[in-house]
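Quick notes on the structure that follows.
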Amino acid sequence: MPISLYNSLSRRTEPFTPLDPHRVTVYLCGPTVYNYVHIGNARGPAVFDVLVRLLRRHYPQVVYARNITDVDDKINAAAQAQGVAIDTITEKFAQAYREDMAGLGIAVPDIEPHATAHIAPIVAMIETLIASGHAYAAEGHVLFDVDSYPAYGALSGRDTEELIAGARVEVAPYKKNPADFVLWKPSSPELPGWHSPWGIGRPGWHIECSAMSAAHLGETIDIHAGGIDLLFPHHENEIAQSTCAHGGKVFARWWMHNGMLTFDGRKMSKSLGNVLLVHELLQQHPPEALRLRLLSGHYRQPLDWSDGAIAQAVNTLDGWYRVLRDLAGIELPAGTLPVPDRVEAALCDDLNTPQALAELSQLADQARLEGNARTKAALLGGGALLGLLQQEPEAWFRRGENGVDAAHVEDLLLQRRSARAARDFARADAIRDELTALGIVIEDGAQGTRWSVLKR
RNA sequence: GGCCAGGUGGCAGAGUGGUCAUGCAGCGGCCUGCAAAGCCGCGUACGCCGGUUCGAUUCCGACCUUGGCCUCCA
């Protein structure tokens, strides 16, 4: 089944064809590790996780890189504010990031390059740019010469004239063109710095991604992804640097951008202060419901975050897991689960996860109705491609049963069973009330009474 | 000011020139000792105004409106 993906560069959906079908390359701009990430930061990793899962079904090898930016002025500021070493900050939050992503069911990327481990290739790339007339050194800085690259602005659809007119930044006096951006900047002794032909300094943000991408994936990659807010200037600058450093070779063949996650109708961002940390949300809600919510809108659309939306996701998962719980006794043949065509077709159509989820609902209906191995496998297989429905149904229904004494619950249920058998319904209902007070929901079924922990 | 996306039923959220999205919630019925779950049924949604068309939520234009980028940002 062919995959079509929207390409921000051409502004249209195009059939996806990798440069080398034996090695598909994907790069996602990762976090700058100076704090816990918020749920908006997780949207890209979540949707492109599904993309990578899809690609792996189609191609024998997919190399997926998601970087860690561990040199940055915000990191320096955080370290200084807390009076600790830079490494303390970056290691702590890089690890927190990995845990948060794992909590959301996001698979570990093949490569997780760190910027500080790539200073040599960064310096080499800058030297190449200077040698070829695309960059210049000035007052300890090295700047990219935007005028040397006529195609600058092609991705974001703006020209340098407008940029200057609309610029809200003070223009450094050493810049030839106000739109020129920093490749290398000088470091004072208290800041992290590396020796370079331009003195002790550190790399600018944009060049890191260009260098790491080339180091691990090659000069031309298939897909470069990130949030729409990175389209300009970050991705525009990456294109300029990489293309000029690589003799005009195409840098990324597909550019994919996820829409922003909003909260109270505004983009969730640290500067606005309207953030919800993944770290905390994972404690407050079933992680799978967070993932479902992140996938419930098309990746290019804005997605609003709210408690109500999480509650809906929890209810939806309740329904799906209920079906799987009813089918717990049905054995599936060993081996990988089949992926239903309709789910795959939805994802092949520019990663239409809402459509895929609609299909999953249909599959759940079928499984509930037919209750056989085929329909159960289809539901689980479709879920697997989306990274959903992979836990035991009982685990879902008894999540967070902290404080719940399972033996006590079973004992009460036994008593209630006796009461019902004796048609003492008042007693039976009293026991049910007692269980409700404990946060236990029960259901009488053909095979006996089931219990679940009330959703937290 | 420039560039770019949106505005779909109570909520979430796809999609399409003319038959159905889907889910959550709600309502009615069946079932159940009662619940819950399940099953059956229900709701004349496509910002506004024009235009094209036999027919537009879907195409075109204007307008209103929300948001993103132009500065760090997923």
Side-chain angles (χ1 to χ4, degrees), chain A residues 8 11 28-32 34 37-48 66 69 72-74 77 153 156-159 161-170 179 205 225-236 257-262 265-272 275 292-306 308-320 322-323 325-326 346 349 352-362 364-365 368-369 419-420 423-426 428-429 432-433 436 441-446 449-452:
Chain A
S8 302
R11 291 161 204 231
L28 174 66
C29 288
T32 299
Y34 67 97
V37 294
H38 60 71
I39 190 69
N41 294 309
R43 191 177 186 194
V47 299
F48 296 118
R66 189 182 68 202
T69 295
D72 181 271
D73 288 350
K74 286 184 176 171
S156 55
R158 49 192 98 197
D159 61 58
E161 303 287 320
E162 285 172 6
L163 287 175
I164 300 159
R168 284 189 261 154
V169 242
E170 275 185 50
W205 175 42
I228 187 75
D229 54 347
L230 296 188
L231 189 138
F232 187 88
H234 186 52
H235 291 161
E236 192 73 63
H257 294 97
N258 61 276
M260 295 294 97
L261 187 141
T262 59
R266 312 214 67 186
K267 173 186 173 183
M268 185 178 286
S269 74
K270 287 166 189 158
S271 49
L272 285 172
V275 299
L292 174 58
R293 178 59 193 160
L294 287 175
L295 299 178
S296 66
H298 186 90
Y299 75 95
R300 284 193 278 119
Q301 297 290 100
L303 184 77
D304 196 54
W305 195 264
S306 67
I310 302 174
Q312 281 195 15
V314 171
N315 287 343
T316 300
L317 287 166
D318 271 341
W320 292 344
R322 208 137 46 205
V323 173
R325 182 169 62 174
D326 286 341
D349 179 16
N352 192 337
T353 52
Q355 185 61 47
L357 293 169
E359 302 296 348
L360 213 55
S361 284
Q362 301 302 301
D365 285 345
R368 184 167 46 234
L369 238 51
R420 293 182 72 210
R423 304 197 65 78
D424 180 358
F425 295 120
D429 289 350
R432 183 165 59 198
D433 290 345
T436 304
V441 178
I442 64 172
E443 291 171 34
D444 296 322
T449 301
R450 285 201 172 113
W451 63 278
S452 313

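Numbers restart at 1 for each chain; the letters A, B, ... are given by sequence-line order, proteins then strands.
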- Could you tell me whether Gly226(A) contacts a base, only the sugar-phosphate backbone, or nothing, with contacts defined as non-hydrogen atoms closer than 4.0 Å? sugar-phosphate
- Message: Under 4.0 Å, counting only non-hydrogen atoms across every strand here, what does Gly227(A) touch: a base, just sugar-phosphate, or nothing?
- Response: sugar-phosphate
- Query: Side-chain donor or acceptor of Gln312(A) under 3.5 Å from a matching atom on the base of G23(B)?
  - Reply: yes
- Task: Establish, for the pair Arg158(A) and Phe232(A), whether the NZ or CZ atom is under 6.0 angstrom from the six-membered ring centre and no further than 45 degrees off its axis.
- Result: yes
- Atom-pair distance (CG on Leu303(A); C1' on G6(B)), nearest Å: 13 Å
- Write down the distance separating the C1' atoms in G29(B) and U57(B), rounded off to the nearest Å. 33 Å
- Looking across every strand, which nucleic acid part, if any, lies under 4.0 Å from Asp424(A) by heavy atom: base, sugar-phosphate, or nothing? nothing
- May I have the distance from Glu359(A) (atom CD) to G13(B) (atom C1'), rounded to whole angstrom? 14 Å
- Query: Using a cut-off of 4.0 Å on non-hydrogen atoms, how would the nucleic acid contact of Gly265(A) be classed: base, sugar-phosphate, or nothing?
  - Reply: sugar-phosphate
- Message: Heavy atoms only, 4.0 Å cut-off, all strands: where does Ile442(A) land among base, sugar-phosphate and nothing?
- Response: base
- Note on the structure: Taking A21(B), A14(B), C70(B) as options, the one with an atom nearest any side-chain atom of Gln301(A) is A14(B)
- Message: Need one value for Arg266(A): base, sugar-phosphate or nothing, where a base atom within 4.0 Å counts as base even if backbone is also close, heavy atoms only.
- Response: sugar-phosphate
- Quick one: label Leu230(A) by what it contacts on the DNA or RNA (base, sugar-phosphate, nothing), any heavy atom closer than 4.0 Å. sugar-phosphate
- Under 4.0 Å between any heavy atoms, over every strand shown, what does Asp73(A) touch: base, sugar-phosphate, or nothing? Just pick one. nothing
- What nucleic acid atoms does His298(A) come within less than 4.0 Å of, heavy atoms only: base, sugar-phosphate, or nothing? sugar-phosphate
- Ser306(A) near the nucleic acid: base, sugar-phosphate alone, or nothing, with a heavy-atom cut-off under 4.0 Å? nothing
- Message: Applying a 4.0 Å non-hydrogen cut-off, can you work out what Leu261(A) is touching in the nucleic acid: base, sugar-phosphate, or nothing?
- Response: base
- Task: Figure out the CG/C1' separation between Asp72(A) and A74(B), and round it to whole Å.
- Result: 14 Å
